[in-house]
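The block underneath contains the structure these notes are about, expressed in structure tokens.
Lettering follows sequence order; numbering is per chain, from 1. Basis for what follows: all heavy atoms, side chains included, without hydrogens, waters or symmetry-related copies.
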Amino acid sequence: MTGLVRPQTLRGFRDLLPEEMLLRGEVVARITRVYESFGFVPLDTPVLETLPTLLGSGGEEADKQIFVVREAAKPVTAEGEATEFGMRFDLTVPFARIIAQYHPQQIKLPFRRYHIGPVFRADDPQPEQGRFRQFTQFDADIAGTSTVAADAEIVALASAAFEALELTAGSGYVIRVNNRKLVDAFLTGLGIEDGEVTKHVLRVLDKSDKITAEALRAELGEGRFDVSGDRIRGVGLAPELIDRLLAFVAVQQDTRAKTLDELAGLLPEGDPGVAEVREFLAHLEALGVSEASVKLDPGLARGLAYYTGTVYEATLVGAGVGSIGGGGRYDGLVSRFSDDPVAAVGVSIGIDRLLAGLSNLGISYGARRTTADAVVLVMPKVDPAEATRIAAELRAAGIATELYVGESVGKVGKQLAYANAQGFAVAVMAGGKEIEAGTVTIKDLQAGSESRAQIADNSEYRAAKSAGQFTVPRAELVATVTSVLNPQESDAS
RNA sequence: GCCGGGAUAGCUCAGUGGUAGAGCACCUGAUUGUGGAUCAGGAGGCGGGGGUUCGAUACCCCCUCCCGGUACCA
């Protein structure tokens with residue numbers, strides 16, 4: 001290896017090879033169609049933002065996870081802050097910046113946009129669990145709306161996106177929703193007014209489905225030590241309060257409305273949070289969002305600090321990758337950039353986790369390994385330009401075609417092995433025999449493979465070499481390839 | 001971040017204080033214009049640095065990376 005650079009991928013980062021990119025493209029296309037069907041328009045922003053844009057926007061945890069970059073030629077100096085940038089850790093903060101920067105000139109409110117792109121977090125990666133330092137988020141947000149009708153739109157949108165991926169509500173995916181105002185109101189009723197304590201409580205509650213009941217209790221009380229010996233700071237609540245709190249967040253009825261009714265009974269009469277959630281649920285109902293797909297869960301919290309009301313989180317059932325999407329209302333975020341407050345709500349789907357989860361579940365949407373349907377082979381002892389002409393003719397007819405240009409030009413077996421490995425549907429051959437007769441040979445690779453699958457003997461297998469292929473007049477090239485690629489259509493015509 | 005376990009061929013792994021193997025994958029071939037299986041052959045490796053030793057892939061230390069857990073989160 002002297003002098004050679006070792007090819008390696010950075011820890012927490014990934015290379016996406018063609019097969020994975022093709023599947024990803026299919027998933028993204030399906031979600032895009034859903035987003036656009038709700039009237040969202042595309043937007044893109046740079047991966048880098050100024051540090052002030054990012055710092056403090058997502059809470060302390062988010063700050064610690066920011067990658068800082070600088071120009072190599074401009075070392076950091078005392079007054080050199082301007083040469084340092086931050087890599088975005090989500091797409092929501094850039095969205096808030098965009099609103100503050102372009103409203104009301106170029107952007108009119110309410111504004112609904114979708115945005116797909118990589119985000120970066122410098123935390124401890126665990127690829128097997130779908131946790132990376134670079135990952136792709138696919139967000140949809142609405143700015144300039146404080147009505148919970150928008151919150152419901154966003155949740156319905158997320159649900160529709162998972163439906164478009166052929167996932168089943170309840171058994172395939174579940175979206176849990178909550179409103180921070182409910183827990184806030186409950187804590188206030190218990191006499192806890194300190195915002196920091198409330199945040200801490202929410203963060204602990206968020207783990208309720210991941211840690212044991214005893215551990216949860218300990219974290220709400222005196223704190224505990226985890227298996228590594230780390231001390232986990234407790235909230236310091238009295239045991240009696242913990243009991244009541246745990247009872248509150250455990251409320252779960254068979255419908256969202258019943259769950260809310262029970263929660264309302266534990267809160268002061270006329271609590272505004274309850275009224276807000278009630279209206280939100282009514283909109284969900286009106287949007288036709290099923291009880292199986294979206295559940296009200298008073299224990300749901302979410303980690304990012306900027307959420308102010310409705311929050312939600314989506315999971316793939318049994319996929320073992322954690323949450324694959326989440327979001328909520330963040331009415332204060334634009335205020336960081338502008339005196340003109342703009343309320344906003346949105347959802348973010350984690351594409352990498354979603355794909356990891358789909359892969360664990362064995363779902364692939366029949367995605368292919370190649371973008372071309374046909375491959376044109378270059379036959380021995382003939383003018384290679386003949387193959388080139390055929391490829392051009394197929395492309396002109398709208399058939400995605402690869403011209404074989406590898407080292408095995410003239411070696412039919414090698415080229416067919418390549419065609420097989422790549423997964424092309426059709427191979428086109430025009431050698432000396434065809435050229436002399438004015439014909440072309442088209443091989444249906446799938447049919448040929450199937451018809452020879454049972455042959456064990458080598459010479460017999462070779463004798464059946466022409467399986468699935470037929471030779472037609474050169475003028476019928478396009479029509480024949482088309483009929484192999486689309487058998488139903490040609491049958492009908 | 002913290003705790004623990006690992007790192008031998010492209011992948012999954014075996015192995016020994018005297019410089020290494022298997023299966024799968026890959027490449028070549030089996031009357032030259034036909035995919036797979038089979039058969040024959042081939043290529044390819046002890047993560048990086050330091051130490052102990054006559055000698056280290058093996059024993060010790062550091063680094064890097066990976067895995068599991070925990071924390072946090074998408």
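Partners of A:Ser290 by side-chain hydrogen bond (donor to acceptor under 3.5 Å, both in side chains), not counting sequence neighbours, listed by chain and number: A:Ser293. A:Glu219 is linked by a side-chain hydrogen bond (donor to acceptor under 3.5 Å, both in side chains) to A:Lys207, A:Arg224, counting only residues two or more places apart in sequence or in another chain. Residues passing the side-chain hydrogen bond (donor to acceptor under 3.5 Å, both in side chains) test with A:Ser466, sequence neighbours excluded: none. Not counting sequence neighbours, A:Glu36 has no partner by the salt bridge (Lys or Arg N to Asp or Glu O under 4.0 Å) test. Qualifying side-chain contact (heavy atoms from CB on, under 4.5 Å) partners for A:Ala122, counting only residues two or more places apart in sequence or in other chains: A:Phe67, A:Arg133. For A:Phe95, there are no ring-ring contact (aromatic ring centres under 6.0 Å, His included) partners, not counting sequence neighbours.
With rounding to whole Å, A:Gln134 atom CD is found 14 Å from B:rA74 atom C1'. Computed from coordinates, the A:Ile324 CD1 to B:rC73 P distance equals 18 Å when rounded to whole Å. Summarising the geometry, the separation between CZ on A:Arg176 and C1' on B:rC73 is reported as 13 Å, rounded to the nearest angstrom. Between A:Lys443 atom NZ and B:rG36 atom P the separation is 12 Å, expressed in whole Å. At whole-Å resolution of the value, CZ in A:Arg462 and P in B:rU38 are 14 Å apart. Distance CG (A:Leu300) to P (B:rC73): 12 Å, rounded to an integer number of Å. Between the NZ atom of A:Lys411 and the P atom of B:rG35 there is a distance of 15 Å, given to the nearest Å. Computed from coordinates, the A:Tyr404 OH to B:rU34 C1' distance equals 14 Å when rounded to whole Å.
One C1' atom belongs to B:rG49, the other to B:rA7, and the distance between them is 15 Å to the nearest Å. Taking the P atoms as reference points, B:rA30 lies 23 Å from B:rG44, given to the whole Å. The P atoms of B:rA22 and B:rU32 are separated by 32 Å, rounded to the nearest whole Å. Taking the C1' atom of each, B:rC26 and B:rA9 are spaced 11 Å apart, rounded to whole Å. For B:rC67 and B:rC60, the P atoms lie 24 Å apart once the distance is rounded to whole Å. Atom name C1', nucleotides B:rC59 and B:rC3: the rounded distance is 25 Å, in whole Å. Using P as the reference atom, B:rG18 and B:rG55 are 14 Å apart when rounded to the nearest Å. Straight-line distance between the P atoms of B:rG17 and B:rU12: roughly 26 Å, to the nearest whole Å.
Under a 3.5 Å cut-off, the side chain of A:Arg88 and the backbone N or O of A:Thr45 do form a donor-acceptor pair. Side-chain atoms of A:Arg180 come within 3.5 Å of backbone atoms of A:Tyr307 as a donor-acceptor pair (strictly under, hydrogens ignored). At least one donor-acceptor pair closer than 3.5 Å links the side chain of A:Asn178 to the backbone N or O of A:Pro298. A distance-only check finds a donor-acceptor pair linking the side chain of A:Thr482 to the backbone of A:Val478 [under 3.5 Å].
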Every protein N/O lying under 3.5 Å from an N/O of nucleotides 40-44 of chain B:
none

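Base engagement by A:Gly431 is indicated by at least one non-hydrogen atom pair under 4.0 Å involving a base atom. Within the 4.0 angstrom heavy-atom criterion, base atoms lie near A:Gly432. Counting any heavy atom pair closer than 4.0 Å across all strands shown, A:Glu434 reaches a base atom. Among the protein residues, A:Leu354 comes within range of no part of the nucleic acid, since none of its heavy atoms lies under 4.0 Å from any strand. Across all strands shown, A:Ser348 has no heavy atoms under 4.0 Å from either base or sugar-phosphate atoms. Within 4.0 Å of A:Leu445, counting heavy atoms only, lies at least one base atom of the nucleic acid.
Listed by first and then second residue, the side chain to side chain donor-acceptor pair (under 3.5 Å) pairs that reach into residues 434-446 of chain A are A:Glu434-A:Thr441, A:Thr441-A:Thr471, A:Lys443-A:Gln469, A:Gln446-A:Glu450, sequence neighbours excluded. For the salt bridge (charged side-chain N to carboxylate O under 4.0 Å, His left out) condition, the pairs that include at least one residue of residues 155-171 of chain A, sequence neighbours left out, are A:Arg30-A:Glu166.
Taking the ring centroids of A:Phe89 and A:Phe120, they lie at or beyond the 6.0 Å cut-off. Checked against the 6.0 Å centroid criterion, the rings of A:Tyr35 and A:Phe138 qualify as a close aromatic pair. A:Phe162 and A:Tyr173 have their aromatic ring centers within a separation under 6.0 angstrom.
Remark: A:Val412, A:Gly413, A:Lys414, A:Leu416, A:Ala417, A:Asn420 in residues 412-424 of chain A come within less than 4.0 Å of RNA chain B through at least one heavy atom. Listed by residue number, there are no residues of residues 20-28 of chain A with a heavy-atom contact under 4.0 Å to RNA chain B.
With hydrogens and angles left out, the side chain of A:Arg121 and the base of B:rC72 share no donor-acceptor pair within 3.5 Å.
Checking A:Met429 against A:Gly326, the closest nucleotide of RNA chain B that is more toward the 5' end is the one next to A:Met429.
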query = Do A:Tyr114 and A:Asp141 pass the side-chain hydrogen bond (donor to acceptor under 3.5 Å, both in side chains) test, and can you show the C-alpha distance, the side-chain angles, and the key distance before you say yes or no?
reply = CA-CA 7 Å; A:Tyr114 68 86; A:Asp141 294 80; over 6 Å; no
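The aromatic ring of A:Phe135 sits over the base of B:rA74, with ring centres less than 5.5 Å apart and planes inclined by under 30°.
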remark   = Given Watson-Crick and G-U pairs under 3.5 Å, RNA chain B in dot-bracket ([ ] crossing, | other strand) is (((((((..((((....[..)))).(((((.......)))))....(((((..]....))))))))))))....
